[in-house]
Amino acid sequence: MNKRARKLPRSFYDRPTGLVARDLLGKYIVYNSPKGRLTGRIVEVEAYIGHDDPACHAARGETERNRVMFGLPGFSYIYFIYGMYFCLNFVTEKKGFGAAVLLRAAEPCEGLEIMYENSPGIKKDGQLLNGPGKFCRAFGLTRQHNGLDLTGSVLYLENRFEKTPRIGRSRRIGIRVGQDKLWRYFDVDSKVITKR
DNA sequence: GTAGTGATTTTCT
DNA sequence: GAAAATCACTACA
């Protein structure tokens with residue numbers, strides 16, 4: 001493992017959600033799955049910010065499903081969508097404030113064999129993690145992984161101190177409300193960004 | 001190459 | 001009962 005790699009501390013997540021989203025680009029997600037170690041370089045995220053954001057699950061108050069978004073920052077929020085897919089988020093900001101960053105795409109780094117095994121039909125590396133639903137499928141993440149502590153040893157993010165990528169921003173994808181916000185951030189030079 | 005639509009189930013109204 | 005932070009497949013240009 002890279003000696004310079006450092007796990008992101010809870011203070012990283014305990015900041016304004018837009019800043020956290022932008023800073024996540026170029027960082028690495030690490031998941032020590034039952035089958036082996038999986039890692040990917042984050043290249044696309046979206047911010048979902050509580051009461052200001054009609055597209056955010058937390059906008060209409062706390063419910064059973066979005067409970068962890070209102071908890072401490074630095075936890076995982078995984079929800080089930082469209083009857084077949086899961087999406088992974090990182091909870092941000094203080095306890096009581098419902099906000100999170102959705103992980104949309106990453107470049108696969110370690111554990112490629114496991115990702116292919118989890119993703120029937122995928123043939124190219126660039127197609128493994130280029131979408132929130134596909135990312136969770138390749139990593140084998142399900143509702144069981146909702147509410148994990150990202151400062152623990154199972155699922156966490158790493159800073160490998162690479163050069164900050166060129167960052168682009170746009171409207172968010174796949175939502176029907178709140179489209180006026182430019183809260184999607186991505187690495188302009190990456191080839192695995194969600195298609196428009 | 002783009003556009004349209006079906007799959008499938010949880011969650012909230 | 002309708003909508004949902006998606007994806008893959010089909011049709012057509």
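Both backbone and side-chain heavy atoms feed into the values below; hydrogens, waters and symmetry mates do not. Here is how names work: the chains are called A, B, and so on, in the same order as the sequence lines, proteins then strands, and each is numbered from 1.
Contact record, A/T63 with A/N66: N-OD1, 2.8 Å, taken as the closest heavy-atom pair.
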Table please: side-chain donor-acceptor pairs of residues 49-59 of chain A below 3.5 Å, with sequence neighbours left out.
| unit_1 | atom_1 | unit_2 | atom_2 | d |
| --- | --- | --- | --- | --- |
| A/D53 | OD1 | A/A55 | N | 3.0 |
| A/D53 | OD1 | A/R172 | NH2 | 3.0 |
| A/D53 | OD2 | A/I49 | N | 3.3 |
| A/D53 | OD2 | A/R172 | NH1 | 2.7 |
| A/H57 | ND1 | A/Y77 | OH | 2.9 |

Would you tabulate the pairs of protein nitrogen or oxygen atoms and nucleotide nitrogen or oxygen atoms of nucleotides 1-10 of chain B closer than 3.5 angstrom?
| unit_1 | atom_1 | unit_2 | atom_2 | d |
| --- | --- | --- | --- | --- |
| B/dT8 | O2 | A/Y82 | O | 2.4 |

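Side chain of A/D187 to backbone of A/V43: no donor-acceptor contact under 3.5 angstrom is found.
If A/V177 and A/P120 are placed on DNA chain C by their nearest nucleotide, the residue sitting closer to the 5' end is A/V177.
With P as the reference atom, B/dG6 and C/dA2 are 16 Å apart, rounded to whole Å.
On the nucleic acid side, DNA chain C has its first and last nucleotide under 4.0 Å of a heavy atom of chain A at C/dA4 to C/dA8, going 5' to 3'.
With a cut-off of 3.5 Å on both pairing distances, B/dT8 has no Watson-Crick or G-U wobble partner at all. Of all nucleotides present, none satisfies the Watson-Crick or G-U wobble test against C/dA5 with each distance under 3.5 Å.
Connection of A/L103 to A/V20 is established within a shared hydrophobic cluster, with ILVMFWY side chains joined at heavy-atom distances below 4.5 Å, either directly or through further cluster members. In the hydrophobic clustering of ILVMFWY residues, with side-chain heavy atoms under 4.5 Å counting as a link, A/Y85 and A/F135 come out apart.
Taking the six-membered ring where the residue is Trp, the centroids of A/Y31 and A/H145 are separated by under 6.0 Å.
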Practice task
Would you please test A/E117 and A/K35 for side chain to side chain contact (heavy atoms under 4.5 Å, CB included) and show each step?
Solution key: CA-CA 10 Å; A/E117 186 182 324; A/K35 295 178 181 176; 3.4 Å; yes
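Counting non-hydrogen atoms under 4.0 angstrom, A/L102 reaches a base of the nucleic acid.
When only modelled atom types and interatomic distance are considered, A/Y116 and A/D125 share a side-chain donor-acceptor pair under 3.5 Å.
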